[in-house]
Visitor: 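Structure incoming, see below.
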Amino acid sequence: MTFEQIKENDSQYIMNTYGRFPVALVKGKGATAWDINEKEYIDFTSGIGVNCLGYSDDGWTKAVSEQAGKLQHISNLYYNPLQTELAEKLCKITSFSKVFFANSGAEANECAIKLARKYSFEKYSKERTVIVTLENSFHGRTVTTLSATGQDVFHNYFFPFTEGFRFAKANDMESVKAKVDNDTCAVMIELIQGEGGVNPLDKAFVAQLAEYCKENELLLIIDEVQTGAGRTGTFYCYEQFGINPDIVTSAKGIGGGLPMGICLCNEKLKDVMTPGTHGTTYGGNPVACAGALEVLKRVANEEFLKEVSIKGDYIRYKLSKMKGVAEIRGMGLMIGIVLEKDNAKEVATKCVENGLLVLTAKNLIRFLPPLNISKEEIEKGLAIFERTIL
Ligand SMILES: *Cc1c(COP(=O)(O)O)cnc(C)c1O
């Protein structure tokens with residue numbers, strides 16, 4: 001099949017939900033991918049922060065394919081030793097108490113929202129349901145997580161949306177306080193707004209917010225779907241903010257390339273869910289768990305995480321020397337770049353033509369390279385980027 005045939009069939013048979021770059025990828029190794037015409041690309045996207053160990057990593061491929069050849073799925077009606085091992089490791093790494101396994105970031109956030117509401121229903125009243133999130137946030141594409149997303153463009157067409165969300169301004173405690181009332185059960189935030197344009201929150205604001213939540217008995221939910229699994233140089237980003245959230249959600253990188261969403265909760269929430277109150281057929285599937293166990297084994301490691309920070313600092317340093325770069329944001333290997341010409345979409349397309357895959361976020365260029373990207377691939381990719389933005 002040629003690229004043209006694939007493109008034609010795609011537009012004939014697949015719902016038109018994505019504006020795609022004109023590339024059909026068929027093979028990858030590390031941070032390098034090849035398209036159907038055998039053209040080579042350096043990958044600064046990891047499939048939107050998913051392939052944290054790169055394409056076809058040896059250890060990850062072995063773990064996943066061995067498990068697929070042994071037992072691919074058993075449902076949650078039976079005990080699953082891989083799930084148990086993964087849950088125990090996640091709890092020990094983070095000091096959370098319990099885990100729920102889902103299949104995506106939106107689903108992990110759905111669990112967090114249900115958990116917060118049921119806890120509040122039982123402990124306070126059935127009117128205490130509102131969750132305050134931030135303007136410019138992104139929490140997913142289900143009807144409820146769209147409601148939780150603090151951007152008007154997402155609140156269209158699909159009426160009626162789930163009620164019970166209010167939006168406060170980021171880095172503004174007065175705005176948060178103005179949105180909280182007797183009916184409020186939780187605050188949910190990203191520590192670096194990813195889709196919203198790679199905006200890290202102020203550490204002082206996050207610390208004040210955590211304190212305020214504690215004083216007012218509000219649950220603090222951190223959406224680490226994009227920032228988690230080592231992306232920012234610690235296993236979870238909240239570690240760098242010195243806070244102890246009640247709930248953390250994780251997805252994207254956690255499975256290393258297989259669908260997995262995780263909702264972690266602390267001691268006071270660990271018995272809120274009971275049989276029949278939540279579930280999903282695929283959640284914690286053995287093959288996905290095998291992939292995630294390999295991710296934990298490799299990424300939840302001090303040396304590895306230090307390398308993520310070093311590589312991130314190096315890329316930021318190199319970018320800071322480039323003509324045409326106006327501002328650089330982010331932490332670790334989650335990097336947002338404001339261009340002087342403000343032409344991110346156009347530059348992203350040109351990068352692809354020149355053999356570099358990059359993402360955009362709002363009007364920024366965004367890099368989410370594999371966490372184990374080699375120095376050589378970094379140099380190659382940055383050289384293409386520098387040449388392209390001129
Ligand atoms: C990507 C993302 C989501 C949604 O995850 P899906 O797996 O696409 O459902 C939710 N929250 C944040 C912060 C994200 O970056």
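Not measured: the values here are computed from a predicted model. Numbering of residues begins at 1 and proceeds along the displayed sequence. Read the numbers this way: they start at 1 and go in the same order the structure lists the ligands and their atoms.
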Visitor: Pull out every atom of ligand 1 sitting under 4.0 Å from any heavy atom of Asn109, numbered as shown with elements.
Guide: 10 (C), 11 (N)

Visitor: In the protein, what heavy atom is nearest to atom 4 (C) of ligand 1, and what distance, to one decimal place, separates them?
Guide: Ala106 N, 3.8 Å

Visitor: Check Ala290 against Gln67 and note the closest heavy-atom contact, atom names and distance.
Guide: CB-CB, 3.7 Å

Visitor: What is the closest protein heavy atom to atom 5 (O) of ligand 1, and at what distance does it sit?
Guide: Gly105 CA, 3.3 Å

Visitor: Tell me if the centroids of the rings in Phe385 and Phe44 come within less than 6.0 Å of each other.
Guide: no

Visitor: Considering the heavy atoms of Ser104, write down every atom of ligand 1 situated less than 4.0 Å from one of them.
Guide: 7 (O), 9 (O)

Visitor: Grab the two heavy atoms, one from Ala148 and one from Met188, that are nearest each other, plus how far apart they are.
Guide: CB-CE, 3.8 Å

Visitor: Take the angle between the ring planes of Tyr314 and Tyr317 and call it parallel below 30°, perpendicular above 60°, tilted in between.
Guide: tilted

Visitor: Right, does atom 8 (O) of ligand 1 have protein non-hydrogen atoms nearer than 4.0 Å?
Guide: no

Visitor: Could you check atom 1 (C) of ligand 1 against the protein and tell me its nearest heavy-atom contact, residue, atom and distance included?
Guide: Lys252 NZ, 1.6 Å

Visitor: As a check for students: among Leu368, Ile222, Thr145, Val225, identify the option with a heavy atom nearest to atom 3 (C) of ligand 1.
Guide: Val225

Visitor: May I ask which of Ile189, Thr227, Asp223, Val50 has a heavy atom nearer to atom 11 (N) of ligand 1 than the others do?
Guide: Asp223

Visitor: For the residue pair Phe161 and Phe159, is the inter-centroid distance of their aromatic rings smaller than 6.0 Å?
Guide: yes

Visitor: Just wondering, do Leu218 and Asp246 contact through their side chains at under 4.5 Å, heavy atoms?
Guide: no

Visitor: Does the ring centre of Phe165 sit less than 6.0 Å away from the ring centre of His139?
Guide: no

Visitor: Check each heavy atom of Thr249 against ligand 1 and say whether those closer than 4.0 Å belong to the side chain, the backbone, both or neither.
Guide: neither

Visitor: How does Glu190 reach ligand 1, by side chain, by backbone, by both or by neither, if only non-hydrogen atoms under 4.0 Å count?
Guide: side chain

